[in-house]
Amino acid sequence: MPSSITTTFYTTPFGELFIGSYQGKICLCDWKHRKQRNVIDKRIARGLGADFKSGEDSVIKKTIAELEQYFAGEKLNFDIPLWLVGTSFQQSIWIELQKIPYGETLSYKQLASNIASDNSVRAVAAANGANAVSILIPCHRVIGSNGNLMGYAGGLKAKKGLLTLEGSLKQSNQVLLPLDAEKK
């Protein structure tokens, strides 16, 4: 009998999250209605050799409690054990994302420079977009070099809402652009 990934849904002020745990760690905290929902879910199930089952466990309950604190403006950092399912390059980007402090942003180019090279912006952006542990791994804190808000799995309104919650928007009229716009 294969292992199971325990999953539940959690409604945030910005949309619904699909949360999953595996062996006492969160492997999924992602936007329910993201375009690549099936691709992400297949990658995680295949990577862990596990099937999804609906339910809740202690790490999911802790995650929801910490998310509640975050959305109430009471929690700046998460203390949740994570299980990252992806390539070693993707995982290195996700680890680097966790270093971006609450209330701050970083451009895709700065992130690429920190982890690889200035020439790897597209690969860094793709790894950022493959993050299946939204908010806990703060991929929403990555913006365009020009300060514009670029693509986000939860949608640009959710990204703007999260950055507003964290107080990191430098101007109230920031432009919301799809991720592909920066690449041109």
Side-chain angles (χ1 to χ4, degrees), residues 6-22 24-34 40 44 56-86 90-115 124-125 127-176 179:
T6 303
T7 63
T8 194
F9 293 102
Y10 167 69
T11 302
T12 79
F14 307 110
E16 198 166 9
L17 290 173
F18 184 43
I19 301 176
S21 70
Y22 180 76
K25 296 181 180 180
I26 292 296
C27 60
L28 186 63
C29 182
D30 203 9
W31 300 96
K32 179 180 179 181
H33 298 291
R34 80 177 289 174
I40 299 291
I44 293 186
E56 269 191 11
D57 60 18
S58 60
V59 73
I60 288 176
K61 289 177 184 176
K62 180 179 180 182
T63 300
I64 290 171
E66 289 197 15
L67 285 167
E68 292 283 337
Q69 292 174 320
Y70 169 81
F71 289 115
E74 301 166 357
K75 185 88 173 156
L76 305 183
N77 298 301
F78 294 96
D79 184 31
I80 304 292
L82 303 178
W83 194 298
L84 305 179
V85 179
Q90 288 172 330
Q91 290 183 28
S92 70
I93 298 302
W94 302 333
I95 289 167
E96 192 68 22
L97 288 170
Q98 293 175 72
K99 296 176 185 176
I100 305 171
Y102 181 98
E104 294 185 23
T105 58
L106 199 67
S107 73
Y108 289 95
K109 186 174 182 174
Q110 289 169 313
L111 184 59
S113 181
N114 288 355
I115 196 74
V124 166
N128 191 62
N131 176 25
V133 190
S134 291
I135 303 173
L136 306 180
I137 297 178
C139 55
H140 62 277
R141 294 180 187 153
V142 182
I143 62 173
S145 297
N146 57 6
N148 290 336
L149 304 186
M150 310 301 285
Y152 184 60
L156 291 173
K157 287 182 181 180
K159 183 172 189 165
K160 185 174 184 177
L162 293 169
L163 293 175
T164 299
L165 173 73
E166 296 182 3
S168 60
L169 288 183
K170 293 176 179 59
Q171 56 190 31
S172 61
N173 62 344
Q174 282 189 301
V175 179
L176 306 177
L179 184 55

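These values consider heavy atoms only, across backbone and side chains, with no hydrogens, waters or symmetry-generated copies.
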Original post:
Would I40 and L28 satisfy side-chain contact (heavy atoms from CB on, under 4.5 Å), going step by step from the backbone distance to the final call?
Top reply: CA-CA 9 Å; I40 299 291; L28 186 63; 4.2 Å; yes

Out of curiosity, [X] [atom1] to [Y] [atom2], how far, rounded to the nearest 0.5 Å?
{"X": "D30", "Y": "C139", "atom1": "CG", "atom2": "SG", "result": "8.0 Å"}
{"X": "E104", "Y": "R141", "atom1": "CD", "atom2": "CZ", "result": "9.0 Å"}
{"X": "F71", "Y": "L162", "atom1": "CZ", "atom2": "CG", "result": "5.5 Å"}
{"X": "I137", "Y": "I26", "atom1": "CD1", "atom2": "CD1", "result": "11.0 Å"}
{"X": "M150", "Y": "Y108", "atom1": "CE", "atom2": "OH", "result": "7.0 Å"}
{"X": "H140", "Y": "N128", "atom1": "NE2", "atom2": "CG", "result": "10.5 Å"}

Original post:
Going through the checks in order, is the side-chain contact (heavy atoms from CB on, under 4.5 Å) test met by W31 and I135?
Top reply: CA-CA 10 Å; W31 300 96; I135 303 173; 4.0 Å; yes

For [X] versus [Y], what's the shortest heavy-atom pair and its separation?
{"X": "E96", "Y": "L111", "result": "CG-CD1, 3.5 Å"}
{"X": "I80", "Y": "L136", "result": "CG2-CD1, 4.4 Å"}
{"X": "W94", "Y": "A130", "result": "CZ2-O, 3.6 Å"}
{"X": "C29", "Y": "L17", "result": "SG-CD1, 3.8 Å"}
{"X": "P138", "Y": "Q98", "result": "CD-CA, 4.0 Å"}
{"X": "C27", "Y": "V133", "result": "O-CG2, 3.9 Å"}

Between the side chain of [X] and the main-chain N/O of [Y], is any donor-acceptor distance below 3.5 Å?
{"X": "E66", "Y": "K75", "result": "no"}
{"X": "K32", "Y": "T11", "result": "no"}
{"X": "S113", "Y": "K109", "result": "no"}
{"X": "Q91", "Y": "G86", "result": "yes"}

Heavy-atom distance under 4.5 Å between the side chains of [X] and [Y], does that happen here?
{"X": "L169", "Y": "T105", "answer": "no"}
{"X": "T6", "Y": "V59", "answer": "no"}
{"X": "N131", "Y": "I93", "answer": "no"}
{"X": "I64", "Y": "T8", "answer": "yes"}
{"X": "Y70", "Y": "T12", "answer": "no"}

Subject >> Partners meeting side-chain contact (heavy atoms from CB on, under 4.5 Å) with K25 (sequence neighbours left out) >> reply: P81, W83

**OP:** Identify, with sequence neighbours excluded, every residue that meets side-chain contact (heavy atoms from CB on, under 4.5 Å) alongside Q110.
**Re:** L106, S107

Subject >> For E68, all residues meeting side-chain hydrogen bond (donor to acceptor under 3.5 Å, both in side chains), sequence neighbours excluded >> reply: Y10

Original post:
Yes or no on side-chain contact (heavy atoms from CB on, under 4.5 Å) for I115 and I95, after CA distance, side-chain angles and deciding distance?
Top reply: CA-CA 10 Å; I115 196 74; I95 289 167; over 6 Å; no

Subject >> Worked verdict on F78 versus L67 for side-chain contact (heavy atoms from CB on, under 4.5 Å) >> reply: CA-CA 8 Å; F78 294 96; L67 285 167; 4.0 Å; yes

